[in-house]
Amino acid sequence: TVTLSASGLPAGASASFNPPSVTGSGSSTMTVTTSSTTPTGTSTLTITGTSGSLVHSTTVSLVVSNPGADFAISASPASQTVVRRGSTSYTVTVTPTGGFTGTVTFSVSGLTGGATASFNPPSVNTSGSSTMTVTAGNQRGTFTLTITGTSGALQQSTSVTLIVNK
């Protein structure tokens with residue numbers, strides 16, 4: 001008879017086996033139950049089978065996620081005016097919702113006429129702000145820049161206006 005056990009469970013999680021032991025050959029189903037205090041992330045669980053003095057183990061990965069976790073992204077000011085080849089900046093802010101704890105990486109689209117942009121820092125962990133510095137190109141006009149924050153499969157965007165004159 002092989003008795004099964006699991007170790008390496010994150011806080012607030014428990015494991016049970018059905019059946020709790022296997023005689024001869026066969027299988028058992030391990031069920032892992034998490035709670036509201038179980039942290040999100042990946043844990044390595046060790047499943048151990050013991051029969052007398054014989055002990056064998058294997059490992060599996062447990063990924064705990066929060067399906068309601070998300071984030072919002074905003075930028076200020078809503079509009080900036082700059083001369084051709086001049087620079088200006090916007091503050092991009094990440095606000096977590098639903099227990100979000102990921103890293104958000106920034107990108108921007110809508111840059112035309114040789115304009116460039118950079119983010120400092122290029123990513124934010126869970127919440128915080130980044131400064132997006134835009135250097136205008138040689139093209140005059142009003143441009144809509146779309147700032148996108150990405151964390152895994154989650155993606156949120158906001159828009160700002162860049163006015164290039166003179």
Side-chain angles (χ1 to χ4, degrees), residues 6-17 29-47 58-166:
S7 61
L9 293 157
S14 62
S16 62
F17 292 89
T29 300
M30 180 177 77
T31 301
V32 176
T33 304
T34 60
S35 69
S36 61
T37 62
T38 304
T40 59
T42 302
S43 299
T44 300
L45 309 184
T46 301
I47 302 169
T58 189
T59 59
V60 295
S61 292
L62 172 68
V63 179
V64 179
S65 63
N66 183 345
D70 204 346
F71 65 92
I73 186 172
S74 60
S76 63
S79 179
Q80 290 279 51
T81 301
V82 66
V83 297
R84 291 185 296 162
R85 295 179 295 283
S87 294
T88 190
S89 62
Y90 301 82
T91 300
V92 181
T93 303
V94 173
T95 305
T97 61
F100 174 79
T101 59
T103 298
V104 179
T105 303
F106 302 105
S107 61
V108 62
S109 61
L111 298 168
T112 59
T116 60
S118 63
F119 293 90
N120 186 20
S123 62
V124 170
N125 189 11
T126 305
S127 67
S129 297
S130 177
T131 300
M132 179 179 78
T133 301
V134 178
T135 302
N138 203 32
Q139 186 176 351
R140 294 180 189 151
T142 300
F143 307 98
T144 299
L145 307 181
T146 302
I147 302 163
T148 301
T150 303
S151 180
L154 298 175
Q155 197 170 69
Q156 300 295 339
S157 296
T158 190
S159 295
V160 294
T161 301
L162 176 68
I163 301 167
V164 182
N165 60 24
K166 293 187 182 178

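Keep in mind that the numbers below use all heavy atoms, side chains included, and drop hydrogens, waters and symmetry copies.
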Validation: residues 147-166 side-chain donor-acceptor distances under 3.5 Å, sequence neighbours left out:
| residue | atom | partner | partner atom | Å |
| --- | --- | --- | --- | --- |
| Thr148 | OG1 | Ser157 | OG | 3.0 |
| Thr150 | OG1 | Gln155 | NE2 | 3.2 |
| Ser151 | OG | Thr103 | O | 3.0 |
| Gln156 | NE2 | Asp70 | OD1 | 3.3 |
| Gln156 | NE2 | Asp70 | OD2 | 3.3 |

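- Between Asn125 and Gly102, the shortest heavy-atom distance links the atoms OD1-O, 3.3 Å.
- One distance of note links CZ of Phe71 with OG of Ser127; it measures 12.0 Å at 0.5 Å rounding.
- The ring-ring contact (aromatic ring centres under 6.0 Å, His included) test applied to Phe143 returns no partner, not counting sequence neighbours.
- In this structure, the side-chain contact (heavy atoms from CB on, under 4.5 Å) partners of Asn138, at least two apart in sequence or on a different chain, are Arg84, Arg85.
- Considering every non-hydrogen atom in both Ser129 and Val124, the closest pair reads O-CG2, 3.8 Å.
- Thr135 and Ser87 share a side-chain donor-acceptor pair at under 3.5 Å.
- For the residue pair Leu45 and Pro10, the shortest heavy atom distance occurs at CD2-CD, 4.3 Å.
- Judged by distance alone, the side chain of Ser35 and the main-chain N or O of Gly12 form a donor-acceptor pair under 3.5 Å.
- Taking each heavy atom of Ala11 and Pro39 in turn, the nearest pair found is O-CD, 3.6 Å.
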What side-chain donor-acceptor pairs closer than 3.5 Å can you find for residues 106-116, not counting sequence neighbours?
none

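- Going from atom OG1 of Thr93 over to atom CD1 of Ile73 covers 8.5 Å, rounded to the nearest 0.5 Å.
- Closest of all the heavy-atom pairs between Gln80 and Ser89 is NE2-O, 2.8 Å.
- Shown here are the side-chain hydrogen bond (donor to acceptor under 3.5 Å, both in side chains) partners of Thr101, two or more places apart in sequence or in another chain: Thr40.
- Partners of Ser14 under the side-chain contact (heavy atoms from CB on, under 4.5 Å) rule, at least two apart in sequence or in another chain, are Thr33.
- Across all non-hydrogen atoms, the minimal contact from Pro121 to Ser130 is O-OG, 2.5 Å.
- Taking the side chain as every heavy atom from C-beta outward, Ser76 and Tyr90 never approach each other to under 4.5 Å.
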